[in-house]
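Please read all numbers here as calculations on a predicted model, not as lab measurements.
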Amino acid sequence: MDNPQEEKYCEYIRSLSHDRVTGLLDPEENAYLEQQLETNPKAVEIYNSVVEKYNSPKAQEFFNNPLSSMPSERLSELLATPRPRGGRRVVMVGLLTAAALVVFGFFIYMLVKGRTTHEKKFANQISLTTSEGKIIPIAGNKRIVTDNATLMAKDSSLTFTGGENVTAGVMNTLTVPAGQNYRITLSDGTLVWLNAESKLEFPFKFAGKREVTIRGEAYMEIAQDPQKPFIVHCPGGPSVEVLGTSFNVNSYEASEARISLISGSVRVLLGEDSLMLKPGYQAISKAGGIKETKFDAADELAWREGMFYFNSMALSEVVKVISRWYGLTVVVDDPQTASRIFTGSLDRSRPIEEFLENATDIIKISYYKKDGVLHIE
């Protein structure tokens, strides 16, 4: 490259690209890189080259090697090569090969280092895990280009368009950690609101059937398509089949799922059991089968407004909601205290101490924090 300025530009774009794929790029630099990717083909070429290296079989094999959890040991294993034999030419080839491996090894080391930092840095942030295993943090407003889709994150919601090479039916996972919620629009126009500590498995492009999996809680507005029923799978076996409707799915507990129908109609399936729901009714799926009951839509969907209403709920269940909504580790020290029944409300926009003070008066508990853990006694 004869032009020094162009060479510096390319090195800078390459550096930004490395930081981006490892999750270390700050918002200001990311905005600049985005602008360059939209206007400069050379920047796109460099970025794609870095992504290709990151997702190469050699790099992924290194990342996923289960033989050792220590990156330094795994790096040594990756770089281990037989000692060259023969004349000077063979030795020189060996030295060149070793030098190339050192360069590649340094690249891999930086990716591993960045990946470890990335996982720690974004452990409490919303993220998308692609079908290839790449973890992409979803924070703020930004445009993200992957091999299979272009993602647009804006105003606590995610939309995307599938790329030309996207494979239909291949699943990605959107993870919403404790203390947050998020919305995503699927490729068919279906809207999904995810509550805290929830996961959605979905494809960038649906195959013959429209199928997703919910772990946690989600409110869904299904786009109508009479030719392609929409199927929602839950942990523990139950599934929901719909054509076009809105409903809430709560599957935090693997042993139980609650499907609450707001509008339209759905069929809940569990093994040989099947139940058609009408609006205003809820299906509770357990190992013993499916039962139907009425529910209060205002209470059931209050989580979307940052509220939770406890109606004669054991304290052991109340603390699960506190943990999800505030990202806290909560321990009830006394089993008898855990069985106390509580009725009241939780406003996530208010400090947790405010709720605890109210609960103290209502069910006569006390609380304290130690080593980052909230104890209730």
Side-chain angles (χ1 to χ4, degrees), residues 23 69 116-127 135 137-140 156 174-182 193-200 214-219 235-236 248-258 284 286 295-296 298-377:
S69 60
T116 303
T117 305
H118 162 90
E119 290 173 352
K120 290 180 179 179
K121 181 178 180 181
F122 296 104
N124 296 317
Q125 291 195 14
I126 296 162
S127 64
I135 301 174
I138 307 294
S156 297
L174 179 65
T175 300
V176 179
Q180 302 192 52
N181 52 37
Y182 206 69
W193 285 260
L194 289 167
N195 201 350
E197 272 192 7
S198 298
K199 293 184 177 183
L200 170 69
I214 298 289
R215 301 175 188 277
E217 185 168 22
Y219 172 75
N248 196 78
V249 176
N250 186 319
S251 60
Y252 281 117
E253 304 295 333
S255 60
E256 176 182 314
R258 299 199 313 269
I284 301 176
K286 295 184 177 182
F295 74 98
D296 188 316
D299 286 357
E300 195 72 19
L301 300 180
W303 66 265
R304 292 179 55 197
E305 308 300 327
M307 295 293 297
F308 196 101
Y309 296 103
F310 304 101
N311 184 15
S312 298
M313 184 177 290
L315 186 60
S316 59
E317 296 299 313
V318 172
V319 297
K320 291 180 182 179
V321 178
I322 294 174
S323 177
R324 284 196 296 264
W325 276 23
Y326 287 90
L328 297 172
T329 300
V330 187
V331 174
V332 182
D333 295 334
D334 188 345
Q336 291 187 342
T337 302
S339 63
R340 293 182 187 177
I341 302 301
F342 177 76
T343 296
S345 62
L346 175 64
D347 184 345
R348 187 161 56 183
S349 67
R350 308 296 302 169
I352 184 58
E353 289 77 12
E354 185 175 302
F355 170 81
L356 292 171
E357 288 298 327
N358 291 334
T360 297
D361 295 336
I362 296 172
I363 57 176
K364 309 304 178 185
I365 61 171
S366 60
Y367 66 93
Y368 65 95
K369 291 183 179 179
K370 183 178 179 181
D371 299 328
V373 177
L374 173 62
H375 292 264
I376 297 177
E377 56 182 6

Notebook entry, point to check: For Y252, does the OH atom sit with more than 12 other heavy atoms under 6.0 Å from it, leaving out its own atoms?
Noted result: yes

Notebook entry, point to check: For atom CD of E305, is the number of surrounding heavy atoms from other residues, nucleotides or ligands below 6.0 Å larger than 12?
Noted result: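 12 or below, so no.
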
For [Y], is there any backbone N or O sitting under 3.5 Å from a side-chain donor or acceptor partner on [X]?
X    : Y    : answer
T175 : I126 : no
S349 : D347 : no
S156 : Y182 : no
D296 : A298 : yes

Note to self: Restricting to ring-ring contact (aromatic ring centres under 6.0 Å, His included), what partner residues turn up for Y219, sequence neighbours left out?
What the structure shows: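 For Y219, the residues satisfying ring-ring contact (aromatic ring centres under 6.0 Å, His included) (neighbours in sequence not counted) are W193.
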
Note to self: My understanding is that only residues two or more places apart in sequence, or in another chain, count here; which of them pass side-chain hydrogen bond (donor to acceptor under 3.5 Å, both in side chains) with S366?
What the structure shows: E377

Checklist line | Ion pair check, R258 and E253, cut-off under 4.0 Å | finding: no

Check: Which of these passes side chain to side chain contact (heavy atoms under 4.5 Å, CB included) with V319: L328, I376, T329, V331?
Finding: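 Option passing the side chain to side chain contact (heavy atoms under 4.5 Å, CB included) with V319: I376.
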
Notebook entry, point to check: Does R348 make a cation-pi contact with F308, if we ask for NZ or CZ under 6.0 Å from the ring centre and within 45° of the axis?
Noted result: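 Because its charged atom misses either the 6.0 Å distance or the 45° angle limit, R348 does not stack over F308.
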
Notebook entry, point to check: Should S255 and K286 count as side-chain neighbours, where that means a heavy-atom distance under 4.5 Å?
Noted result: no

Check: Are E217 and K199 close enough, and set up right, to give a salt bridge (charged side-chain N to carboxylate O under 4.0 Å, His left out), and what steps lead you there?
Finding: CA-CA 8 Å; E217 185 168 22; K199 293 184 177 183; over 6 Å; no

